[in-house]
2 protein chains.
Amino acid sequence: MQKKGTTGRKGAGRDRLPRAGTAGTGSRSQATRERILDAAERLFAQRGFYGISVRDITGAAEVDVALASYHFGNKQGLLEAVVMRRAEDLNTERSARLDAVLAAAKGRRPPKIEDVIDAFTHPLLDRSSRGSPGWKSYFALIAEVNNSPEFGGVLMSRFFDPVVEKFIDAIRRALPDCEESDLYWAYHFLSGALTLTFAETGRIDKLSGGACRSSDLDSVHERLVPYCAAGFRALCATKRAASRQAGTRKARK
Amino acid sequence: MQKKGTTGRKGAGRDRLPRAGTAGTGSRSQATRERILDAAERLFAQRGFYGISVRDITGAAEVDVALASYHFGNKQGLLEAVVMRRAEDLNTERSARLDAVLAAAKGRRPPKIEDVIDAFTHPLLDRSSRGSPGWKSYFALIAEVNNSPEFGGVLMSRFFDPVVEKFIDAIRRALPDCEESDLYWAYHFLSGALTLTFAETGRIDKLSGGACRSSDLDSVHERLVPYCAAGFRALCATKRAASRQAGTRKARK
DNA sequence: GTCTATATGGAGATAGAC
DNA sequence: GTCTATCTCCATATAGAC
């Protein structure tokens with residue numbers, strides 16, 4: 001896809017001799033890893049896991065093909081490393097924000113749903129709008145992974161579900177009477193809306209004739225939060241009423 | 001991926017001599033096309049466009065490799081044919097249901113948002129739950145296409161946007177004061193939730209510890225409609241109030 | 001840690017016989 | 001319309017030199 005550059009990286013690395021120790025300890029090695037991860041993130045996001053070869057990635061990263069196997073084992077290991085890298089950062093901030101929301105509402109009253117949702121989604125907004133450009137690729141990739149029958153059920157769960165559980169638990173406190181299945185389905189709808197939105201596929205731009213721009217994430221986030229908050233409330237309110245009726249009916253039988 | 005069967009199809013076709021005329025006229029030819037489309041739908045849904053070879057597809061369809069090129073030109077032409085085939089059926093029913101909802105509310109009053117959303121989503125529910133099994137593959141594939149930066153903006157628009165415009169127009173009548181950008185964003189959130197849900201990736205099953213089953217589409221549809229209806233109302237109500245304030249402020253300047 | 005070289009297999013597409 | 005045979009190129013992965 002791209003010829004190796006003649007930027008003298010080979011020479012530039014010569015000041016650093018290989019030392020004894022485990023793989024991936026040296027700073028040169030770390031830099032190589034990051035270059036491969038950056039390229040993989042961008043290219044996987046564009047055409048998916050199977051649409052990109054390891055050679056495409058190492059070519060774009062301007063490192064040798066064999067280094068992908070050396071650092072990540074195989075192609076799937078590379079994908080997982082790409083997903084994991086930023087998931088950790090994301091989970092850390094999501095978790096901290098959820099704690100803050102719960103702490104602010106401490107004991108006295110349930111947290112506001114909008115605040116809980118914001119704690120979960122704002123870290124994405126910050127990073128996509130104002131973080132390094134790799135984040136945009138990352139979110140496009142996550143949307144594909146989330147919607148993939150092959151990877152959706154496994155990779156997403158592995159890297160995101162612990163904090164998702166924490167999020168759902170916070171919603172549970174905000175809507176104490178909500179049924180479990182309603183909570184989870186409402187989360188699922190949020191997940192679909194969120195990943196598609198941050199993927200910025202450009203479809204909405206075309207459909208709306210320019211009234212909406214995928215890239216204007218601040219104004220879409222302003223809408224996503226109340227949309228989903230209202231959805232959560234509607235589901236739980238409806239269900240609560242319905243289940244009370246059902247309970248009454250059942251008791252009578 | 002699979003060996004060619006020895007089912008005697010070659011002999012069975014011999015009663016039908018090739019006639020003069022355009023390609024794909026004969027019933028044998030039609031059957032071959034359908035077999036290829038069925039296999040492509042199923043396999044593309046499983047591993048995406050690049051994860052499956054034309055040979056995988058024709059092997060599963062038990063037809064010769066070269067027939068894919070003959071009938072569909074190339075691999076991308078095959079993908080487009082897969083998407084188009086069921087899109088037409090879907091669009092027809094969506095359109096008819098939207099007409100019915102609008103007719104029922106004729107002139108006197110705006111249609112109910114829930115009814116409009118149901119007109120748009122119920123055809124998916126019917127087909128996935130009670131249609132031929134190919135529909136489940138189809139919806140999984142659509143979810144991947146919708147979330148793909150490469151195909152999302154083009155294929156989805158091409159095959160679905162005309163009826164989506166009609167849907168949005170019906171919502172516009174239900175919420176006459178809603179701003180255009182709110183309408184389109186709200187649709188986009190619905191689209192993300194809808195495609196992920198009907199993709200049945202299994203993630204929610206694992207996350208919810210069995211409380212939700214991806215495959216139980218009737219009960220998820222019961223929730224999707226009120227969730228999205230509430231989201232539409234919340235967006236438009238909020239925005240209407242905000243824009244009135246803004247208008248006042250602006251007028252004062 | 002990095003690179004060269006290569007093993008082994010599969011990819012998409014088409015020309016031309018039937 | 002269908003099938004055989006083949007062209008040309010690229011895939012992942014690894015062994016072993018440096």
Side-chain angles (χ1 to χ4, degrees), chain A residues 1-2 4-36 40 43 47-59 61-79, chain B residues 1-36 40 43-44 47-59 61-79:
Chain A
M1 199 168 229
Q2 182 170 347
K4 274 182 67 175
T6 52
T7 45
R9 277 195 53 265
K10 203 169 186 172
R14 222 173 260 146
D15 56 335
R16 177 143 232 110
L17 290 177
R19 327 167 212 184
T22 56
T25 312
S27 77
R28 171 100 187 279
S29 171
Q30 273 304 320
T32 298
R33 272 183 67 96
E34 294 294 317
R35 292 171 66 85
I36 295 174
L43 296 173
R47 307 213 312 167
F49 180 69
Y50 296 107
I52 289 296
S53 69
V54 176
R55 291 181 134 82
D56 290 337
I57 293 166
T58 52
E62 295 180 317
V63 302
D64 193 86
V65 223
L67 292 176
S69 305
Y70 176 76
H71 285 287
F72 304 101
N74 58 23
K75 194 183 177 185
Q76 172 132 3
L78 175 51
L79 172 67
Chain B
M1 201 168 230
Q2 181 170 349
K3 275 187 192 165
K4 275 181 70 172
T6 51
T7 45
R9 278 194 54 264
K10 204 169 188 170
R14 221 172 259 146
D15 56 336
R16 177 144 232 111
L17 291 177
R19 323 167 214 183
T22 56
T25 312
S27 78
R28 170 101 187 280
S29 170
Q30 274 304 319
T32 298
R33 273 183 64 98
E34 295 294 317
R35 292 171 66 84
I36 295 174
L43 295 173
F44 282 155
R47 308 213 310 166
F49 180 70
Y50 296 106
I52 290 296
S53 70
V54 175
R55 292 180 136 85
D56 291 336
I57 293 167
T58 53
E62 294 180 318
V63 303
D64 192 86
V65 222
L67 292 175
S69 306
Y70 176 77
H71 285 288
F72 304 101
N74 57 26
K75 194 183 178 185
Q76 171 131 3
L78 174 52
L79 172 67

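Not measured: the values here are computed from a predicted model. Every chain is numbered from 1 and lettered A, B, ... according to where its sequence line falls, protein lines coming before strand lines.
Nearest nucleotide to the side chain of A/Ala66, out of D/dA13, D/dT2, D/dA15: D/dA15. The side chain of A/Asp64 lies closest to C/dC3, out of D/dC3, C/dA13, C/dC3. Listed nucleotides: C/dT2, D/dA11, D/dT2. Nearest to the side chain of B/Ser29: D/dT2.
Residue side chain B/Arg55 reaches the base of C/dG12 through a donor-acceptor N/O pair under 3.5 Å, judged by distance alone.
Between the OG atom in A/Ser53 and the NZ atom in A/Lys75 there is a gap of 7.0 Å [rounded to 0.5 Å]. Between the CD atom of B/Gln76 and the CZ atom of B/Phe49 there is a distance of 5.0 Å, given to the nearest 0.5 Å. One distance of note links OH of A/Tyr70 with CD1 of A/Ile36; it measures 11.0 Å at 0.5 Å rounding.
Taking atom CD1 of residue B/Ile36 and atom P of nucleotide D/dG1, one finds them 13 Å apart after rounding to whole Å. To the nearest angstrom, C1' of C/dT2 lies 15 Å from CZ of A/Phe72. One can place CD of A/Glu34 at 16 Å from C1' of C/dG1, the figure rounded to the nearest angstrom. Atom CG in B/Leu67 sits about 18 Å away from atom P in C/dA17, given to the nearest Å. For the pair B/His71 NE2 and C/dG12 P, the computed distance is 18 Å after rounding to whole Å. Distance, B/Asp56 CG to C/dA11 P: 6 Å, rounded to whole Å. Computed from coordinates, the A/Glu62 CD to C/dC3 P distance equals 11 Å when rounded to whole Å. With rounding to whole Å, B/Arg28 atom CZ is found 10 Å from D/dC3 atom C1'.
The closest donor-acceptor contact from the side chain of B/Arg35 to the backbone of B/Ala61 lies under 3.5 Å.
A/Ser53 comes within 4.0 angstrom of sugar-phosphate atoms only, judged by non-hydrogen atoms across all strands, and of no base.
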Worked check of side-chain contact (heavy atoms from CB on, under 4.5 Å) between B/Ile52 and B/Ile57: CA-CA 7 Å; B/Ile52 290 296; B/Ile57 293 167; 3.5 Å; yes
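OP1 or OP2 of C/dG12 has not a single side-chain nitrogen or oxygen of B/Ser69 nearer than 4.0 Å. Contact between the side-chain N/O atoms of A/Thr32 and the OP1/OP2 oxygens of C/dT2 is found at a separation under 4.0 Å.
Each of A/Val54 and B/Val65 has a nearest nucleotide on DNA chain D; the 5'-most of these lies closest to B/Val65.
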